[in-house]
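Worksheet: the structure to be examined is printed underneath.
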Amino acid sequence: MAEKYPLVEQREYGRPEKRGGLWRKRMTRGDDELPRVAAHQVRVFRVGEEYVEDHGQLRSGDPVVVDASSVTVVDRRIEVPVVVETRIPSAEAGDFTVRAWFHCTVTDPCAVVRDGVTDVEALLLSHLREVPGLTEDGSDLPVGDTAAVRTRIDARLTAYHEMRPSVVSGIRARHGVIEVLTPEEVSAYVAEMERTRRDRERDRQREEMEQEAALDRALREAELELKREEIRSLQAVRKERNRQQEETLRSGYERESGAEQQDYELEIERRRNRFTRAEIEDDIKLIGSDPVAADYLAWRNGDISADELSQRLHRAEERWDSRKDDRLRLDRDYELTRRGLDREDERWQVERDDRRHELTRKEEREETAAEREEKARRWDLEHQDALRRRIEKREDAKELQRDQHELAKQQLTVRATLGKQAIDRGLFDSTMYDAGAFINSVGDVPYNQPQGGGPEAPQPELKGEVKGALRRAPERPASDTGTAADDTDVDDFDPANQEGSLGH
């Protein structure tokens with residue numbers, strides 16, 4: 001069997017693109033998006049919830065292909081062999097290996113694609129294991145008696161498939177050959193298959209190695225020729241590069257010597273500026289933003305006198321006291337502000353908890369109201385269903401009553417016709433039957449009123465012969481003629497049994 005059966009290829013489509021000329025663009029798909037199909041294959045396109053079968057006639061611009069979301073190639077070969085193996089116990093320690101051959105044919109490609117039948121072997125194996133009594137066919141036989149087990153299994157499968165064919169969506173599976181292998185035969189078969197696989201693998205590897213050797217030899221020869229050509233070109237390029245490098249080195253040396261002289265001069269200036277900045281940084285570190293230290297430094301350098309220094313120190317002490325008072329006032333303000341914020345935060349927490357409780361109660365009330373509405377709606381629906389059932393029951397009773405009335409009318413019509421024919425032909429002249437009672441029985445159609453609104457059961461149709469009815473008919477007075485039709489079996493009159501006397 002082929003490796004891909006029955007689904008040969010599957011593709012999923014995206015959105016189609018606009019193709020064509022500048023003025024005649026339309027939605028279509030590329031020709032490479034349509035898989036090629038062989039003579040025994042068909043394509044199945046999925047368009048929405050529908051599956052469309054194609055025998056290779058649809059093109060890339062067809063509406064079915066444009067609207068399709070996927071395409072699948074299905075194998076339509078007839079009687080494709082599928083091998084299924086399972087094991088059943090024997091009377092001894094070993095097991096029998098049952099190998100069943102099924103011949104499969106795809107009958108409905110759309111059903112195969114819709115139901116996703118990809119692994120036919122698994123489905124047939126499940127169907128084989130569902131055969132009742134299959135595992136007991138070899139439990140009483142030794143492991144060497146494969147012929148008897150094969151005969152039993154073949155007969156069982158044949159009978160089972162006659163009653164219940166294998167069910168695989170879109171595929172007809174016919175039961176074929178049955179093989180029963182002993183453990184030794186299975187081991188030999190597995191060993192033979194493994195040896196065959198190793199031989200094929202060894203041959204494939206040898207062919208690949210020969211091909212790789214030939215390819216490597218050709219590549220090495222090509223690489224050798226390319227390297228020779230590269231060496232020749234590199235020699236010419238190297239000469240030109242040496243000349244250019246010599247000129248570049250000469251001009252670079254001249255530029256570097258001038259740049260070094262300029263860097264030396266700039267470095268001397270940079271050191272001078274660095275020393276000046278270091279002195280300034282040291283003064284800033286020692287004095288900083290302290291005005292007292294600045295005043296002492298100015299007094300030491302001779303910029304101010306001792307009297308001016310004392311005045312500045314006095315003003316500095318006054319500013320320090322003022323700053324200290326301001327700092328204390330700011331601390332008190334900060335503490336008051338912090339306490340106020342703490343109170344606001346607590347109040348906000350309380351309000352948030354109240355709001356949460358309120359929302360919770362509101363949700364509970366809404367849920368309770370919703371439950372009440374749901375119960376009321378269910379009660380209304382149940383009430384409407386009960387009312388509709390009563391109305392339907394009443395209508396059925398009326399319909400049954402009309403049918404009974406029509407049946408009774410037809411019976412009376414038949415009675416009247418048969419009675420008239422019997423009287424006209426003199427059938428009552430030679431019998432002891434009261435013709436008046438029979439005539440009175442053909443009256444109006446009775447109307448049976450149902451009790452309690454329910455339908456009345458129809459009276460069973462009376463059948464029989466006229467002679468039997470005449471023998472059983474009792475003599476009744478004329479006042480009982482109204483009920484004689486109900487008690488006398490007039491329907492037992494059968495003209496077919498009186499054919500001999502109709503002419504007399």
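From a predicted model like this one, the values you see are computed outputs, not experimental measurements.
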Under 3.5 Å, sequence neighbours excluded: what are the donor-acceptor pairs made by side chains of residues 215-227?
none

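A donor-acceptor pair is defined here as one N or O able to donate and one able to accept, closer than 3.5 Å; such a pair exists between the side chain of Gln41 and the backbone of Ala38. Under the 3.5 Å distance criterion, the side-chain polar atoms of Arg59 are matched with a main-chain donor or acceptor of Gln57. Side-chain atoms of Asp62 come within 3.5 Å of backbone N or O of Val64 as a donor-acceptor pair. Side-chain N or O atoms of Ser70 include none that pairs as donor or acceptor with a backbone N or O of Glu12 at under 3.5 Å. Judged by distance alone, with hydrogens and angles left aside, the side-chain atoms of Ser169 form no donor-acceptor pair with the main-chain N or O of Val112 at under 3.5 Å. Judged by distance alone, with hydrogens and angles left aside, the side-chain atoms of Arg11 form a donor-acceptor pair with the main-chain N or O of Glu33 at under 3.5 Å. Arg46 places a side-chain N or O within donor-acceptor distance of the main-chain N or O of Gly48, the cut-off being under 3.5 Å. For Arg43 (side chain) and Val37 (main-chain N/O), no donor-acceptor pair under 3.5 Å exists by modelled atom type. Remark: the backbone N or O of Val83 is not paired with any side-chain donor or acceptor of Arg99 at under 3.5 angstrom. Remark: the backbone N or O of Thr86 is not paired with any side-chain donor or acceptor of Arg129 at under 3.5 angstrom.
If you check the side chains of Gln349 and Arg352, you find a donor sitting under 3.5 Å from an acceptor. Side chain to side chain, Glu207 and Gln211 fail the donor-acceptor criterion of an N or O pair below 3.5 Å.
Side chains of Gln401 and His405 form no contact here, defined as non-hydrogen atoms less than 4.5 Å apart. Put simply, the side chain of Arg255 reaches to within 4.5 Å of the side chain of Ser251, judged on heavy atoms. Contact check for Val71 versus Leu34: no side-chain heavy atoms found under the 4.5 Å cut-off. Residues Gln235 and Arg238 have side chains not in contact (no heavy-atom distance under 4.5 Å, counting atoms from C-beta outward). Looking at heavy atoms from C-beta onward, Leu7 lies in side-chain contact with Val113 at the 4.5 angstrom threshold. In this structure the side chain of Arg390 never reaches within 4.5 angstrom of the side chain of Lys393, judged on heavy atoms. In this structure, Asp67 and Phe45 have side chains that are not in contact, with every pair of non-hydrogen atoms separated by 4.5 Å or more.
The one candidate from Glu240, Arg241, Glu247 that meets the side chain to side chain donor-acceptor pair (under 3.5 Å) condition with Gln244 is Glu240.
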>> Please evaluate residues Arg338 and Asp342 with respect to the criterion salt bridge (charged side-chain N to carboxylate O under 4.0 Å, His left out), reporting the C-alpha separation (whole Å), side-chain torsions for both, the decisive distance (0.1 Å), and the verdict.
In response: CA-CA 6 Å; Arg338 185 181 63 79; Asp342 291 340; 3.2 Å; yes
>> Could you go through Arg343 and Glu346, starting from their C-alpha distance and side-chain angles, then the distance that decides it, and tell me whether this counts as salt bridge (charged side-chain N to carboxylate O under 4.0 Å, His left out)?
In response: CA-CA 5 Å; Arg343 288 193 298 271; Glu346 292 177 357; over 6 Å; no
>> Apply side-chain contact (heavy atoms from CB on, under 4.5 Å) to residues Leu123 and Asp119 and explain how you reach the verdict.
In response: CA-CA 7 Å; Leu123 296 176; Asp119 193 352; 5.9 Å; no
> Step by step, would you call Asp199 with Arg195 a salt bridge (charged side-chain N to carboxylate O under 4.0 Å, His left out)?
Replying inline: CA-CA 6 Å; Asp199 293 341; Arg195 185 178 60 80; 3.4 Å; yes
> Between Arg377 and Glu374, is a salt bridge (charged side-chain N to carboxylate O under 4.0 Å, His left out) present by the stated rule, with each step listed?
Replying inline: CA-CA 5 Å; Arg377 186 181 64 82; Glu374 181 65 19; 2.4 Å; yes
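Between Glu351 and Arg355 no salt bridge is recorded (no basic side-chain N to carboxylate O distance below 4.0 Å). Between Glu399 and Arg402 there is a salt bridge, since a side-chain N of the basic residue sits under 4.0 Å from a carboxylate O of the acidic one. Between Glu267 and Arg270 there is a salt bridge, with a side-chain nitrogen of the basic residue lying less than 4.0 Å from a carboxylate oxygen of the acidic one. Here Glu254 does not pair with Arg250 in a salt bridge; the nearest charged N to carboxylate O distance is not below 4.0 Å. Under the 4.0 Å criterion applied to side-chain N and carboxylate O atoms, Arg361 and Glu364 are not assigned as salt-bridge partners. Ion pairing between a basic and an acidic side chain is recognised when a charged N comes within 4.0 Å of a carboxylate O; Glu335 and Arg339 show such pairing. Under 4.0 Å is where a charged nitrogen must lie from a carboxylate oxygen, and between Arg356 and Asp353 at least one such pair does. Using a cut-off of 4.0 Å between Lys/Arg side-chain N and Asp/Glu carboxylate O, Glu358 and Lys362 are scored as not salt-bridged.
Not counting sequence neighbours, Arg15 has no partner by the side chain to side chain donor-acceptor pair (under 3.5 Å) test.
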